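To start, the structure itself, in structure tokens.
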Amino acid sequence: MSKTILIQQANLVNEGKIQVADVLISGEFIQKIGQIPAEEAEVVVDGRGKYLLPGAIDGQVHFRDPGLTHKADLHSESRAAVAGGVTSFIDMPNTRPNTLNLDLLAEKYRLASEKSLANYAFLLGINGENLEEVLQWDTSDLLAITDDGLYFSGKGNILADRPDMLERIFSTYKGIIAIHSEKEEIVEKNEEAYREKYGDDVPVKFHPIIRSEQACFEATERAIALAEKHGARLHILHLSTAKETSLFRNDIPLKDKKITTEVSVHHLWFTDADYEEKGTLIKWNPAIKTQKDAEGLLEALLDDRIDLITTDHAPHAIEEKLKPYFQSMSGAPLVQHSVVCLLEFHKQGKISLEKIVEKMCHNPAILYQIDRRGYIREGYYADLTLVDLDSPWTVSKENILYKCGWSPLEGTTFQSQVIKTWVNGNLVFDQGTFDDSSRGMALVKSKS
Ligand SMILES: NC(=O)N[C@@H](CC(=O)O)C(=O)O
């Protein structure tokens, strides 16, 4: 039985408020919040001057396990997650083999139970082969489902190539349909034009022109129209343009929304001006676009047209990135740095701490209906992270925890630092040291 822990007098950021209080953890759960005598606990943590946040829930990561473990694995990336204040993650199906059936899904849960320090859930992919089968499953136990399998398996984007399949999914499936939204036919046309001009070595600054605003907007517009036609539950992954934000609503509470979306940290943090210095290291799909886009995305996040912040943590080996444009793989690691990026925006006066917690902790729990997580509440799992807002540090090879060993943020100085992270009441990260024996739990759907 683990010891009772008292976190004393930290600033709790939770449910739209910041207040100083004590938090008592007993076993896996938060037992009490308030004024609590030190004698009630076996371990006391001084939280004075620090901020206690619910652990972040990252709704979109690629931890590459199984099959692509030269890039990353569930152990390495979950360590990076907890060091960054992320206590739960939802992993995408473009592992090898792609997660296209319940056996492969169960195998990922088994691997995570052996390897992950954080809590976990896994999405299924849909493609032409498994579509009819998937539509017959009782998916009430699944957190979500995504069409990314086809897109990721490199056979072309389901949105672009198989409108008939989309119609079938939207008219039949009752769970969350999560979509990577770019029209591949537009992207391919642009790729051809640039290949003709530059050969293989297209300057990466053209990435946002090839994977264009139009490609994103038209795909998102079409997906929303289909979802509305059939009353389906649609979630658009990693929105990257200001223009698309006009397609989303903020006049209904998240729990009642049928169409939701998210922004990934890199689309807020970087702009096309960064391609010159960072090159293919910041080649992501959808592409990082203009300053105007980053500003428009932030605005839509603040006024609640955008519901969540995710990372789309997508690590590749450095050799896979440092290649000519067409060969360089898209994606980069971020899960260790997402919370501190947002805290940096807070320091710059761009977003409140309460809003960060809403978008990184509360809203993923609401959207994916996750049982007793995402809030600092009595009776909830003790998934917590303690941060110091005045403790500058610089990202360097020495402190990067990703298996791939690099970050697009190398050299960046952050004012804030994650000090401690608890997952299910276990102190898994403590100022640079880990409890490597600790294991997270599978996320479970809430009953309500
Ligand atoms: N987002 C990315 O740029 N990369 C993703 C796949 C994808 O979403 O295209 C990856 O798995 O590497």
Side-chain angles (χ1 to χ4, degrees), residues 58-74 77 89-100 108 122-127 144 146-161 178-184 186-188 191 204 207-208 210-212 215-216 219-220 223 235-241 261-270 274-275 278-289 309-323 325-335 338 402-404 406-408:
D58 193 333
Q60 193 196 161
V61 304
H62 303 265
F63 281 0
R64 310 298 194 201
D65 211 345
L68 295 167
T69 51
H70 68 285
K71 298 176 197 272
D73 64 59
L74 282 158
E77 306 315 274
F89 62 85
I90 300 179
D91 183 74
M92 303 305 278
N94 62 331
T95 38
R96 299 290 181 270
N98 291 168
T99 318
L100 296 174
K108 283 180 99 167
F122 297 93
L123 299 192
L124 271 165
I126 304 176
N127 70 9
T146 167
D147 75 341
D148 285 350
L150 187 91
Y151 178 72
F152 291 135
S153 59
K155 294 179 205 153
N157 192 334
I158 191 170
L159 274 172
D161 300 341
I179 282 184
H180 176 133
S181 182
E182 290 182 284
K183 251 191 189 174
E184 206 63 18
I186 295 177
V187 172
E188 279 166 18
E191 279 180 349
V204 68
H207 191 50
I210 292 171
R211 302 197 84 92
S212 63
C216 297
T220 300
H235 181 68
I236 301 282
L237 299 163
H238 46 43
L239 214 65
S240 67
T241 70
T261 191
E262 64 185 38
V263 64
S264 293
V265 173
H266 49 286
H267 291 122
L268 296 170
W269 188 265
F270 295 110
D274 295 310
Y275 285 115
K278 305 277 181 189
T280 52
L281 293 185
I282 58 162
K283 180 179 181 240
W284 247 286
N285 297 344
I288 286 157
K289 299 194 172 65
I309 301 169
T310 61
T311 60
D312 186 16
H313 172 82
H316 296 286
I318 192 73
E319 313 79 65
E320 296 170 324
K321 291 293 289 178
L322 298 177
K323 289 197 167 177
Y325 178 76
F326 282 111
Q327 282 90 51
S328 168
M329 293 201 167
S330 292
L334 250 185
V335 77
S338 56
Y402 310 129
K403 193 172 192 179
C404 65
W406 66 276
S407 157

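Predicted model only: the values in this text are computed from it and were never measured. Just the heavy atoms: all of them, side chains too, but no hydrogens, waters or symmetry mates, feed the values below. One-based numbering, in listed order, for ligands and for the atoms of each.
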_Parallel, tilted or perpendicular: which one describes the rings of W284 and H266, with boundaries at 30° and 60°?_
parallel

_Cation over ring face, K283 and Y325, 6.0 Å, 45°_ = yes

*Any nitrogen or oxygen of N285, main chain or side chain, under 3.5 Å from a nitrogen or oxygen of ligand 1?*
yes

_Atom indices of ligand 1 within 4.0 angstrom of H62 heavy atoms, with elements_ = 5 (C), 11 (O)

*Going by distance alone, is a donor N or O of one side chain under 3.5 Å from an acceptor N or O of the other, for S264 and T311?*
no

_Electrostatic pair K108:D91 at N-O distance under 4.0 angstrom_ = yes

*ligand 1 and R64, any nitrogen or oxygen pair closer than 3.5 angstrom?*
yes

*Quick one: OG1 on T310 to CE on M92, what's the gap to the nearest 0.5 Å?*
9.0 Å

*Do any nitrogen or oxygen atoms of G331 lie less than 3.5 angstrom from nitrogen or oxygen atoms of ligand 1?*
yes

_Residue part near ligand 1, for K283, under 4.0 Å between non-hydrogen atoms_ = neither

*Report, in ascending order of atom number, the atoms of ligand 1 lying under 4.0 Å from any heavy atom of H316.*
12 (O)

